[in-house]
Amino acid sequence: MNHDEISKNIDIKQFREDLLNWFMAEQRNLPWRQDQDPYKVWVSEIMLQQTKVDTVIPYFNRFIDQFPSIEALSEAEEEKVLKAWEGLGYYSRARNLHSAVKEVKEKYGGVVPNTPEEISTLRGVGPYTAGAILSIAYGVPEPAVDGNVMRVLSRILSIWDDIAKPKTRKIFEEAVRTLISHDNPSYFNQALMELGALICTPTSPSCLLCPVRDHCQAFHEGTQTDLPVKTKTKKQKSLNLAVVILTDQEGKTLIHKRPSEGLLANLWEFPNIEIVQTIKSEKEQLTEQMLTLYGATVEIGNLITRIEHVFSHLIWNINVYTGKLVELEEENIMLKRVNETEIEPYPFPVSHQKILKFVPWSKYRD
DNA sequence: AACCCGTGGTT
DNA sequence: TAACCAAGGGT
């Protein structure tokens, strides 16, 4: 959709004016809108990926409090960064941000780069985030196309391409390049997203309150709830896990650091295995696998609870057992023996925070 | 391109 | 309640 096709249906100048006037009057007062510090804009944009504003606010405030600058974050230990991210999900965002901030410190003298080419090389900064930081922090007229923008513009411009397809984003980027205000790219991009969050919502948009409904083709044609077109996602797969809370002779409990790649990378958990359908019981499988995986000789006790945890793409059905640690072949960096007072610094995913509630700490408290 | 990667709120 | 949704990126 090029400039001529768009200007045929829309008075672009009037559209910008209506959108910006609405944003200046109605924008929410958010912590990352206090200033245009590129570092804070960056942190907020990473946290806001696939995550609601209300969820991000407390995390953002604590994170900036703890790591107020590029300098501070670049000197932090990864374990501390993951702990600050604990519960937010998509933990590779935290590890990528940490790594990219170190790179900005070393390679760019601590100054976030202000060109699309340079900023896009940073880990975790894709097309959306690059455009968001450049426009919001530096006033560069780059598109920042997220789910909101695709929903809003699919309605305004009556675009029926499937927004689930990766290449569709380019269509919207071209549209934004035509529409964007060069006087205020920051407010223009934020206004499109704010409109998507507050007015032009997915299921029941508040068209009667919309500042740009006069420009909206979908509103004119009554197709606003048919747009955007988005094909279905496939449903999650289910996995059966057995977790064991192993207690040693001193009454300490064993925790394990997950691998540095894949699901919940570098987070801590209780020893666990995937249960497969065989003749062997769960307890037998646990006993064997604890030896194979951890070099741990164990006696499995009772099933103490069952927990379900839903991820975006899979479901864990977890059976939680108690157990005794009889012998550990070797002490390992990836294995730690902890008691209740020592557990706090370790970052756990929410799935294991649920399990944490069932650890029988009281059994060996003095 | 298709799949992996979390979590919590809404419908 | 199952499905959907939210300021996406990496592989």
Side-chain angles (χ1 to χ4, degrees), chain A residues 27-28 30-33 40-60 82 85-97 99-100 119-137 143-152 162-170 172-173 176 186 189-198 200-205 225 228 230-239 258-267 308-316 347-354:
Chain A
Q27 65 168 299
R28 291 168 289 181
L30 301 172
W32 46 90
R33 288 179 175 162
K40 288 192 233 171
V41 172
W42 185 5
V43 171
S44 74
E45 290 302 336
I46 300 297
M47 286 188 171
L48 286 163
Q49 289 171 5
Q50 302 295 114
T51 310
K52 286 207 180 348
V53 164
D54 289 345
T55 303
V56 167
I57 290 173
Y59 280 92
F60 177 83
L82 284 174
W85 211 271
E86 186 182 70
L88 248 192
Y90 288 128
Y91 299 94
S92 65
R93 294 184 297 176
R95 299 195 302 136
N96 287 339
L97 173 64
S99 140
I119 203 168
S120 297
T121 66
L122 299 173
R123 300 281 299 176
V125 178
Y128 163 75
T129 306
I133 299 173
L134 289 172
S135 60
I136 296 172
V145 174
D146 70 337
N148 283 314
V149 172
M150 289 198 281
R151 183 174 61 257
V152 169
D162 181 2
I163 67 167
K165 305 286 185 192
K167 63 185 241 188
T168 303
R169 196 194 69 250
K170 296 190 195 330
F172 289 94
E173 285 175 348
V176 171
S186 168
N189 280 341
Q190 292 185 76
L192 277 185
M193 295 187 278
E194 195 84 337
L195 189 69
L198 301 181
C200 196
T201 51
T203 52
S204 51
T225 52
K230 189 176 187 184
T231 54
K232 300 261 193 271
T233 59
K234 64 168 194 179
K235 72 167 208 183
Q236 302 113 315
K237 287 185 177 176
S238 193
L239 225 58
R258 294 177 61 89
S260 59
E261 293 185 346
L263 183 66
L264 306 171
N266 283 359
L267 271 66
E308 182 190 71
H309 190 78
V310 179
F311 295 84
S312 55
H313 58 301
L314 66 96
I315 301 171
W316 276 357
F348 279 75
V350 169
S351 53
H352 280 257
Q353 287 168 9
K354 292 178 184 173

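These values consider heavy atoms only, across backbone and side chains, with no hydrogens, waters or symmetry-generated copies. Residue numbering restarts at 1 for every chain, and letters A, B, ... go by the order of the sequence lines.
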List the atom pairs, donor and acceptor, that lie under 3.5 Å between side-chain atoms in residues 126-136 of chain A and the rest of the protein, sequence neighbours left out.
from: A:Y128; atom 1: OH; to: A:E45; atom 2: OE1; distance (Å): 2.6
from: A:T129; atom 1: OG1; to: A:Q49; atom 2: NE2; distance (Å): 3.0
from: A:S135; atom 1: OG; to: A:G131; atom 2: O; distance (Å): 2.8
from: A:S135; atom 1: OG; to: A:A132; atom 2: O; distance (Å): 3.2
from: A:S135; atom 1: OG; to: A:N189; atom 2: ND2; distance (Å): 3.0

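Legend: residues meeting side-chain hydrogen bond (donor to acceptor under 3.5 Å, both in side chains) with A:S92, ordered by chain and number and at least two apart, are absent. Applying the side chain to side chain contact (heavy atoms under 4.5 Å, CB included) test to A:Q27 and every residue at least two apart in sequence or in another chain returns A:F23, A:R33, A:Y187, A:E194. Legend: residues meeting side-chain hydrogen bond (donor to acceptor under 3.5 Å, both in side chains) with A:S238, ordered by chain and number and at least two apart, are A:N317. Scanning for side-chain hydrogen bond (donor to acceptor under 3.5 Å, both in side chains) contacts around A:Q353 gives A:E86, with sequence neighbours left out. For A:Y59, there are no ring-ring contact (aromatic ring centres under 6.0 Å, His included) partners, not counting sequence neighbours. For A:E173, the side-chain hydrogen bond (donor to acceptor under 3.5 Å, both in side chains) partners are A:R169, not counting sequence neighbours. The salt bridge (charged side-chain N to carboxylate O under 4.0 Å, His left out) test applied to A:R258 returns A:E269, not counting sequence neighbours. For A:K354, there are no salt bridge (charged side-chain N to carboxylate O under 4.0 Å, His left out) partners, not counting sequence neighbours.
As rounded to the nearest Å, B:dA1 and C:dA6 have C1' atoms that lie 23 Å from one another.
At whole-Å resolution of the value, CH2 in A:W85 and C1' in B:dG6 are 12 Å apart.
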Polar-atom pairs under 3.5 Å, protein N or O versus N or O of nucleotides 9-11 of chain C: list them with distances, or write none.
from: C:dG9; atom 1: OP1; to: A:G126; atom 2: N; distance (Å): 3.0
from: C:dG9; atom 1: OP1; to: A:G126; atom 2: O; distance (Å): 3.4
from: C:dG9; atom 1: OP1; to: A:T129; atom 2: N; distance (Å): 2.9
from: C:dG9; atom 1: OP1; to: A:T129; atom 2: OG1; distance (Å): 2.6
from: C:dG9; atom 1: OP2; to: A:Y128; atom 2: N; distance (Å): 3.3
from: C:dG10; atom 1: OP1; to: A:G124; atom 2: N; distance (Å): 2.6
from: C:dT11; atom 1: OP1; to: A:R123; atom 2: NH2; distance (Å): 3.4
from: C:dT11; atom 1: OP2; to: A:R123; atom 2: NH1; distance (Å): 3.3

With 3.5 Å as the limit, what N/O pairs link the protein to nucleotides 7-11 of chain B?
from: B:dT7; atom 1: OP1; to: A:Y91; atom 2: OH; distance (Å): 2.7
from: B:dT7; atom 1: OP1; to: A:V350; atom 2: N; distance (Å): 2.8
from: B:dT7; atom 1: OP2; to: A:H309; atom 2: NE2; distance (Å): 2.7

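Nucleic acid contact for A:K235: none, since no nucleic acid atom lies under 4.0 Å from a heavy atom of the residue.
Stem analysis of DNA chain B (at least three stacked-register Watson-Crick or G-U pairs, each with both distances under 3.5 Å) gives B:2-5 with C:8-11, B:7-11 with C:2-6.
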